[in-house]
Amino acid sequence: RKRLYRSARRRAAPRIACSHIRHAWDPSKSVAQNLAEMGLAEDPNKAVPIPKKLVLPSFCLTQGVEVGSDGWKQGKKIVRKPYVVNEMEYEASLPEKKSNTLSRDLIDYVRYMIQNHGENYKQMALDEKNYYQDTPKQIKRKINVYKNFYPEEYKDFIASLKQEKMDVQ
């Protein structure tokens with residue numbers, strides 16, 4: 001029974017979040033072999049070692065080992081799948097999309113307060129819709145956050161309020 005159990009057990013394939021690496025992954029090879037083929041480092045400490053001394057050991061000079069300008073041995077690596085690193089570098093160079101948005105509840109809350117109380121933060125703090133019992137300073141901060149996130153929308157909103165006041169008069 002133990003023998004059957006052990007032979008039936010398989011090692012799970014690694015879960016790879018990066019799509020570029022996932023598509024180039026060869027399940028028949030080890031993690032180290034796969035990463036080496038892609039030009040990626042398995043162990044960052046070995047890939048970029050921190051030099052303890054810049055003095056070259058004497059055996060490097062006598063063994064005929066190539067030494068780079070930084071004092072470390074140069075090893076030739078064969079990168080068979082360079083497109084993986086190229087795609088990852090391209091993706092990293094793209095500008096980051098600003099995905100920060102305010103919740104719809106906060107936007108509605110701020111618009112309601114401005115619409116009913118204008119710039120009177122003390123009156124806003126006493127309003128029945130102030131469910132979280134924000135202080136006047138907290139309400140002012142929320143309004144400023146809304147102004148900074150949506151400056152155009154805020155200007156249009158204030159302009160529409162002024163237009164409504166003119167229409168009423």
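Everything numeric here is computed off the predicted structure, so don't read it as measured data.
- No continuous path of hydrophobic side-chain contacts links Leu94 to Met88 [ILVMFWY only; heavy atoms under 4.5 Å].
- Contact record, Asn34 with Trp25: ND2-CE2, 3.3 Å, taken as the closest heavy-atom pair.
- Following chains of ILVMFWY side-chain contacts shorter than 4.5 Å, one cannot reach Val84 starting from Val79, and the two form parts of different hydrophobic clusters.
- Smallest separation of non-hydrogen atoms from Val85 and Met38: CG2-O, 2.9 Å.
- Side-chain atoms of Glu89 do not come within 3.5 Å of backbone N or O of Asn86 as any donor-acceptor pair.
- The minimum heavy-atom distance between Leu102 and Val145, with the atom names listed, is CD2-CG1, 3.7 Å.
- Atom CZ of Arg80 sits in a sparse spot, with 12 or fewer heavy atoms from other residues, nucleotides or ligands closer than 6.0 Å.
- Here the CZ atom belonging to Arg15 is positioned 12.0 Å from the CZ atom belonging to Arg22, to the nearest 0.5 angstrom.
- Atom CG of residue Asp43 and atom CG of residue Leu35 lie 11.0 Å apart, to the nearest 0.5 angstrom.
- Here Gln33 contributes atom CD and Ser30 contributes atom OG; the two are 3.5 Å apart, rounded to the nearest 0.5 Å.
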Evaluate Ile114 against Tyr154 for side-chain contact (heavy atoms from CB on, under 4.5 Å), listing each step before the verdict.
CA-CA 10 Å; Ile114 294 172; Tyr154 177 76; 3.7 Å; yes

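- When only modelled atom types and interatomic distance are considered, Glu87 and His20 share a side-chain donor-acceptor pair under 3.5 Å.
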Q: Test Val110 against Ile139 for side-chain contact (heavy atoms from CB on, under 4.5 Å), laying out the working first.
A: CA-CA 8 Å; Val110 167; Ile139 294 171; over 6 Å; no

How far apart are the C-alpha atoms of Ser28 and Asp26, what are their side-chain angles, what is the distance that settles it, and do they pass the side-chain hydrogen bond (donor to acceptor under 3.5 Å, both in side chains) test?
CA-CA 5 Å; Ser28 64; Asp26 185 359; 2.9 Å; yes

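- Considering only heavy atoms from C-beta on, His23 comes within 4.5 Å of Ser19 through its side chain.
- Looking at heavy atoms from C-beta onward, Ile143 lies in side-chain contact with Met124 at the 4.5 angstrom threshold.
- Taking 4.5 Å as the limit, every side-chain heavy atom of Lys155 sits out of range of all side-chain heavy atoms of Phe157.
- For NZ of Lys147, the number of neighbouring non-hydrogen atoms (other residues, nucleotides, ligands) closer than 6.0 Å is greater than 12.
- Taking all atoms of both residues into account, the shortest heavy-atom contact from Tyr109 to Asn130 is OH-OD1, 3.2 Å.
- In the hydrophobic clustering of ILVMFWY residues, with side-chain heavy atoms under 4.5 Å counting as a link, Tyr132 and Leu106 come out apart.
- Residue pairs meeting the salt bridge (charged side-chain N to carboxylate O under 4.0 Å, His left out) criterion with at least one member in residues 117-137, sequence neighbours excluded, are Asp134-Lys142.
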Exercise for the section: Please test Glu153 against Tyr146 for side-chain hydrogen bond (donor to acceptor under 3.5 Å, both in side chains), starting from the C-alpha separation and ending with a verdict. Expected result: CA-CA 9 Å; Glu153 191 177 308; Tyr146 174 70; 3.0 Å; yes

